[in-house]
2 protein chains.
Amino acid sequence: MTIRSERLTSAVPPGSAAPVSTCAVAVDVALLTVLDGRLKLLLVEPDAPQLAGHWALPGRRVRDDESLDDTAHRALAELAGVRAPDAHLEQLRTYGDPSRDPRGRVVSVAYLALTPTTHDPTDPLTAQLWDVEQLGTQDGPRLAYDHDRIVPDALERARSKLEYTSLAAAFVADVFTLGELRRVYEAVWGVSLDPANFRRKVVSARGFVTEAEGLASPGPGGGRPAKRYRRGPATRLHPAMLRP
Amino acid sequence: MTIRSERLTSAVPPGSAAPVSTCAVAVDVALLTVLDGRLKLLLVEPDAPQLAGHWALPGRRVRDDESLDDTAHRALAELAGVRAPDAHLEQLRTYGDPSRDPRGRVVSVAYLALTPTTHDPTDPLTAQLWDVEQLGTQDGPRLAYDHDRIVPDALERARSKLEYTSLAAAFVADVFTLGELRRVYEAVWGVSLDPANFRRKVVSARGFVTEAEGLASPGPGGGRPAKRYRRGPATRLHPAMLRP
DNA sequence: TCCGGTTTTCGTCATCCTGACCGTAACCGG
DNA sequence: CCGGTTACGGTCAGGATGACGAAAACCGGA
């Protein structure tokens with residue numbers, strides 16, 4: 001921290017090869033949600049003409065008086081129509097390779113956002129939900145910048161945090177059934193879980209869920225009505241819900 | 001990502017309240033090591049006159065052609081005398097509150113570094129190892145900037161990663177005994193562990209350690225000579241080493 | 001009304017992991 | 001030789017896990 005009292009917005013004299021300068025700082029958000037039992041990622045079409053046909057994570061430049069969390073919330077609101085209390089938001093990682101943006105040095109602070117499947121996915125203008133299974137394939141979108149490096153990190157973070165935190169509850173509504181919660185785990189992990197064992201582990205994890213009143217109506221295919229639950233006070237799970 | 005093609009080092013016209021500008025980007029490194037069975041954090045004295053009496057994490061500004069990892073390595077080399085292959089280095093989190101640095105907007109990418117206790121701790125000029133137990137107390141150092149927010153995050157990251165990764169091996173030498181590895185866990189977690197159970201868990205975790213040749217000499221207090229081990233190929237531990 | 005299909009919920013059982021504990025092996029210093 | 005210390009190995013009870021079975025409670029169609 002040997003920063004002198006130079007002003008941050010000071011211009012670099014033309015032609016000088018200053019070893020230390022300032023960078024553009026942006027925030028990119030990887031928003032995940034579960035729709036129809038499948039994990040989805042929200043992507044937007046950048047308006048830069050040289051990136052036509054590519055898709056990108058919704059991102060915004062950081063403003064002078066804005067914290068990084070505020071920028072992430074603003075990116076979600078402006079580009080995806082997601083308001084702050086509807087989403088879980090946490091910082092993921094910062095990407096700052098000098099060549100990651102062809103237009104110049106941009107340091108990007110990536111965020112991970114998780115939303116329940118409550119709002120209509122077609123409300124944003126240019127945003128679209130993509131199935132994460134398609135992402136690597138030729139059916140999937142071509143990602144701009146280094147976002148093909150950010151997305152796997154976001155997926156791994158989400159998959160890992162479902163194991164030892166109560167983060168899966170961020171994917172479901174305020175009141176939910178254990179079947180809905182199980183389908184979240186199955187969609188994020190890409191596996192199928194035994195319903196009986198899943199129930200036992202969730203109920204035995206202290207503070208994960210608390211029983212709510214009433215029963216949920218079965219789906220169109222029938223089935224026994226399920227008990228309703230709410231999130232419990234715990235954030236870390238003891239014992240953990242480990243992937244198979 | 002609506003960044004236009006404006007140059008990143010373009011000067012902001014004086015007096016204009018531009019909502020988007022560039023930031024100074026720095027890297028601060030929280031280096032942890034275990035010395036005499038206690039977890040230590042490396043701090044330096046900033047040379048800024050208004051911060052006399054304060055201690056800070058070693059940090060450097062990011063240069064134009066430098067990746068964030070490179071900056072972290074440079075900060076360790078220049079401020080702590082630690083060369084790259086001697087330390088495990090991973091990104092921790094980015095701190096970007098507008099008021100975190102009183103001299104202006106500085107976005108800091110924090111790194112976590114772990115080193116074995118092999119090099120002499122008195123070689124850097126102004127760097128010093130502090131016992132992490134002293135950090136919150138009045139015997140401890142006064143931390144500059146928002147480094148009192150970074151340090152707890154670094155400690156929690158290290159404590160957590162010891163559970164489900166083989167990161168504890170970064171604290172010991174290339175060849176080590178299970179007693180040395182156990183003292184790492186005890187120092188980082190601040191607990192005392194049963195030697196017999198610890199041995200069983202480490203050996204049964206596939207790929208954590210592999211047996212080396214020869215026996216280690218006992219300490220001055222005696223004791224049976226211990227077998228020597230090396231790091232195994234695993235990075236994730238199965239099963240995990242959970243905190244008591 | 002009856003029946004197959006579906007989902008939820010509960011119970012059983014063998015297996016594995018964990019913590020607590022004991023005993024032995026092998027070294028040190030006095 | 002003997003007490004202290006550390007390393008190593010085994011036992012045992014309790015908890016968690018996966019595989020599996022079965023009952024409860026709903027749906028739709030025959």
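Residue numbering restarts at 1 for every chain, and letters A, B, ... go by the order of the sequence lines.
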Under the rule for side-chain contact (heavy atoms from CB on, under 4.5 Å), what residues qualify as partners of B:Ala240, not counting sequence neighbours? B:Tyr164, B:Leu242
Mind running a 4.0 Å heavy-atom check of [range] against DNA chain C and sending the residues that fall below it, in number order?
| range | answer |
| --- | --- |
| residues 235-244 of chain A | none |
| residues 197-207 of chain A | A:Arg199, A:Arg200 |
| residues 174-195 of chain B | B:Asp194 |

Would you mind reading off the distance between A:Lys227 atom NZ and D:dA25 atom P, rounded to a whole angstrom? 11 Å
Quickly work out the A:Arg228 CZ to D:dA25 P distance and round it to whole Å. 18 Å
My understanding is that only residues two or more places apart in sequence, or in another chain, count here; which of them pass side-chain hydrogen bond (donor to acceptor under 3.5 Å, both in side chains) with [X]?
| X | value |
| --- | --- |
| B:Lys40 | none |
| A:Arg243 | A:Glu156, A:Glu163 |
| A:Thr165 | none |
| A:Glu186 | A:Arg182 |

Below 3.5 Å is the cut-off: list the nitrogen or oxygen pairs between protein and nucleotides 23-30 of chain C, distance only.
unit_1 : atom_1 : unit_2   : atom_2 : d
C:dA25 : O4'    : B:Arg224 : NH1    : 3.4
C:dA26 : N3     : B:Arg224 : N      : 3.4
C:dC27 : O4'    : B:Gly223 : O      : 3.4
C:dC27 : O2     : B:Gly223 : N      : 2.9

The criterion is salt bridge (Lys or Arg N to Asp or Glu O under 4.0 Å); which residues satisfy it with B:Arg157, sequence neighbours excluded? B:Glu90
Does a side-chain N-to-carboxylate-O contact under 4.0 Å join B:Arg149 and B:Asp97? yes
If we ignore angles and hydrogens, is there a donor and acceptor under 3.5 Å between the side chains of B:Asp28 and B:Ser108? yes
Taking distance alone, no hydrogens or angles, what donor-acceptor pairs closer than 3.5 Å link side-chain atoms of residues 224-235 of chain B to residues at least two apart or in another chain?
unit_1   : atom_1 : unit_2   : atom_2 : d
B:Arg231 : NH1    : B:Ala169 : O      : 2.2

So, taking the atom named OG in B:Ser166 and the one named CE in B:Met241, what distance separates them when rounded to the nearest 0.5 Å? 11.0 Å
Throw together a table of side-chain donor-acceptor distances under 3.5 angstrom for residues 205-216 of chain A, partners on residues two or more places apart or in other chains.
none

